[in-house]
Amino acid sequence: MSKKIVIVGGVAGGATAAARLRRLDESLEIVLLEQDGHVSYANCGLPYHIGGVIPEEKSLLVQTAQGLRNRYHIDVRTGSRVTGVDGAHKTVRVEAAGREYEESYDVLLLSPGSEPVRPPVPGVDLPKVVTLRTIADTQRIRDLCSGGKVGQATVVGGGFIGLEMAENLRRLGVEVTLVEAAPHVMPPMDGDLSVLLEAELEKHGVELVLGDGLHAIHEEGGSLLVETEKGYQVGADLVVLAVGVRPATAFLEGSGIDLGPRGHIIVDDQLRTNLPDVYAVGDAIQVKDFVTGTIVAVPLAGPANKQGRVAADVICGRDSHYEAAQGTSILKVFDLTGACTGLNERTLKALEIPYLKAVTHAPSHAGYYPGATPITCKLLFSHQGQILGCQMVGREGVDKRMDVVATAMRLDAHVTELADLELAYAPPFSSAKDPVNVLGYMAEDLLNGTAKSVDWEEALNRDYDRSVLLDVRTVREAEAGRVNGSVNIPVDELRGRMGELDKDKKLYVYCGIGLRGYVACRMLTQAGFDAVNVAGGYTSYTAQQMENKQ
């Protein structure tokens, strides 16, 4: 007698699990229940369909219901909403086409995903206030924007969806205001990298309202008026809510399935729930953080797909495990790319985890080959050499560098092993010393004491009476812009001018991006000076000044 598997939800986790189950066992009876009209689609591509980057809706369809039926012999039922689970009798309650029925199962796999949060403020249910999760949502937004009916839009939320929507609405010629309650956009990043994305948004005409949350939305004469908590007001023809997501698990109330404090399904490393023969994957579950082992939610497509595969393996008797999530992610903001993995500085400080950091602004490929642009990289690691996190922003080559660091981190490589990686090099693509290698060299020097590094916060809050801020850039660079109170001695003149410096004072050394500062510090320390390099140089200083102005 064949085993019957019922899957609740398609898209990433559920559809992946269904296909994997069939590939592993032709005898299974597989029923996939999806409340939406589409069973497997690229929800990460929805903003780009709105902006016209992806012109055809059909391009978003990863797999159709009929395709799953034909290729994998799966009983796919779209428009079928599961409203309850009875673990004792092994049934789920389903609403479809105006009727209710019960569906039995031998094994149940839950992949209900997440749903957009609508903050509890007046006006969020007005017709022109929208969220983005499904293809139907995309169609609605496209209809609202058609024919130039939307001239001004407000996006509430500066995460992935908010930033992607801001960009794609600008592509349609819409004036965009982005409201974010936090001090900066892109929550997984620290402010010193977020400001680079913010500058890019403003460069392309997006008005930013940061550190100020949504208070109310009013309807006035067919248009909307958005009011923030600090009293700022802006008119809009459309408001996009992108303030986050929550697990779509309300239907599990009373099922006996254990849920976390925010409604996420609790699973073990084989994705089993506390009920026999019930598994869960995707945005709706909580998992372990790769670095800390603490419980987190990671609503990303990559982890959901991996979890779907693991759950299918376990259901078919294989010894598979989903250990933890790193939160590796990437984002396009007009001509910039931002990416991150692991923990940021803000989280490390909150958890009181000691760390070191290497910051560089390395070129995307060989500087002598035309078109090289800087990649700002920040690598965080422990005093024992464990990679804790990484963030990057640049115009090209960010994706492959982040993937290398994320892979090294996943394989528990010592941070200094980044220096040993033999990465593909030719002048149009990289440098002989790839930015990832440079991060490894810097980490190695910091760990073995060859280099000492501080950030700008420490440099600017130093004891001014007992220290000197030394600028080792060229005279021309210093004349174009320098830190107040700094002394300029170009690195190439330093050996002959050390007599101008006081050995009783600590030297905080900076250059353009950190490399010449490092060279200068090596000269100075061997000459008996107490010298530290300011990480990221003047480039990081300007980013910090931008951050402080927010």
Side-chain angles (χ1 to χ4, degrees), residues 158-160 182-197 244-245 260 262 264 269 283 285-303 306 322-331 337-360 375-394 398-399 401-418 435-436 439-440 442-443 446-447 453-458 535-536 540 543-544 547:
F160 293 96
H184 295 284
V185 301
M186 193 60 171
M189 284 189 170
D190 292 310
D192 53 346
L193 273 80
S194 293
V195 293
L196 304 176
L197 302 180
V245 296
R262 293 186 293 162
H264 295 88
D269 66 354
D283 291 4
I285 71 170
Q286 59 183 37
V287 296
K288 285 184 179 180
D289 178 82
F290 181 78
V291 175
T292 65
T294 55
I295 299 302
V296 295
V298 183
L300 295 171
K306 294 175 180 64
Y322 185 82
E323 301 293 348
Q326 291 169 249
T328 306
S329 54
I330 192 165
L331 174 75
T337 301
C340 52
T341 191
L343 303 183
N344 56 32
E345 276 197 272
R346 186 173 60 254
T347 302
L348 290 169
K349 289 176 180 177
L351 296 175
E352 298 183 344
I353 297 174
Y355 66 94
L356 296 168
K357 79 178 166 186
V359 177
T360 185
I375 302 175
T376 297
C377 307
K378 178 160 74 171
L379 181 69
L380 307 170
F381 53 98
S382 73
H383 290 78
Q384 292 74 42
Q386 178 191 6
I387 301 173
L388 302 174
C390 187
Q391 301 164 50
M392 298 183 186
V393 173
V398 170
D399 51 348
R401 274 56 182 242
M402 183 54 68
D403 285 344
V404 170
V405 175
T407 301
M409 182 177 173
R410 191 75 187 189
L411 298 178
D412 201 27
H414 194 277
V415 67
T416 58
E417 292 182 81
L418 296 178
V436 172
L439 289 173
M442 295 175 71
L446 289 169
L447 287 173
S453 178
V454 299
D455 57 25
W456 275 105
E457 182 178 3
E458 180 175 338
S540 288
Q544 190 209 47
E547 181 182 1

Nearest heavy atoms of Val398 and Ala339, plus distance in Å:
CG1-CB, 3.7 Å
Rounded distance [0.5 Å steps], CG in Asp403 versus OG1 in Thr328
8.0 Å
Inter-residue atom distance Thr294.OG1 - Gln286.CD, 0.5 Å rounding:
10.5 Å
Under 3.5 Å: donor-acceptor pair, side chain of Arg410, backbone of Phe290
no
Scanning both residues in full, the closest heavy-atom pair of Val359 with Ser540 reads CG1-OG, 3.7 Å
Nearest heavy-atom approach of Ala543 to Asp192 is CB-O, 3.7 Å
Backbone of Val185 reached by a side-chain donor or acceptor of Ser194 within 3.5 Å
yes
With rounding to the nearest 0.5 Å, note down the distance linking CE in Met392 to CE in Met189.
10.0 Å
What is the distance from atom OG of Ser453 to atom CE of Met442, rounded to the nearest 0.5 Å?
6.0 Å
Flag, side chain of Asn344 to backbone of Pro188, donor-acceptor distance under 3.5 Å
yes
Might you point out which heavy atoms bring Gly327 and Val298 nearest each other, and give the distance in Å?
CA-CG1, 4.1 Å
Roughly how far apart are Leu379 CG and Tyr355 OH, rounded to 0.5 Å?
12.5 Å
Flag, side chain of Gln326 to backbone of Ala406, donor-acceptor distance under 3.5 Å:
yes
Search all heavy atoms of Val296 against all heavy atoms of Lys288 and return the closest pair with its distance.
CG2-C, 4.1 Å
Under the side chain to side chain contact (heavy atoms under 4.5 Å, CB included) criterion, do Leu343 and Leu380 qualify, and how do the steps go?
CA-CA 8 Å; Leu343 303 183; Leu380 307 170; 5.9 Å; no
What is the minimum heavy-atom distance between Thr292 and Ile353, and which atoms define it?
CG2-CD1, 3.9 Å
One pair to check against side chain to side chain contact (heavy atoms under 4.5 Å, CB included): Asp399 and Thr337. What are the steps and the verdict?
CA-CA 8 Å; Asp399 51 348; Thr337 301; 5.6 Å; no
Just so I know, are the side chains of Val291 and Met409 near enough to count as touching, which here means a heavy-atom distance under 4.5 Å?
yes
Determine whether a donor-acceptor pair (N or O, by modelled atom type, separation under 3.5 Å) exists between the side chain of Gln391 and the backbone of Asp190.
yes
Can you measure from CG (Leu197) to NE2 (His184) and round to the nearest 0.5 angstrom?
11.0 Å
Arg401 vs Val404, test: side chain to side chain contact (heavy atoms under 4.5 Å, CB included). Steps then yes/no.
CA-CA 5 Å; Arg401 274 56 182 242; Val404 170; 5.8 Å; no
For a quick test of your reading: what N or O donor-acceptor pairs under 3.5 Å do the side chains of residues 381-388 make, sequence neighbours left out?
from   : atom 1 : to     : atom 2 : distance (Å)
Ser382 : OG     : Gln384 : N      : 3.2
Ser382 : OG     : Gly385 : N      : 3.2
Ser382 : OG     : Gln386 : N      : 3.0

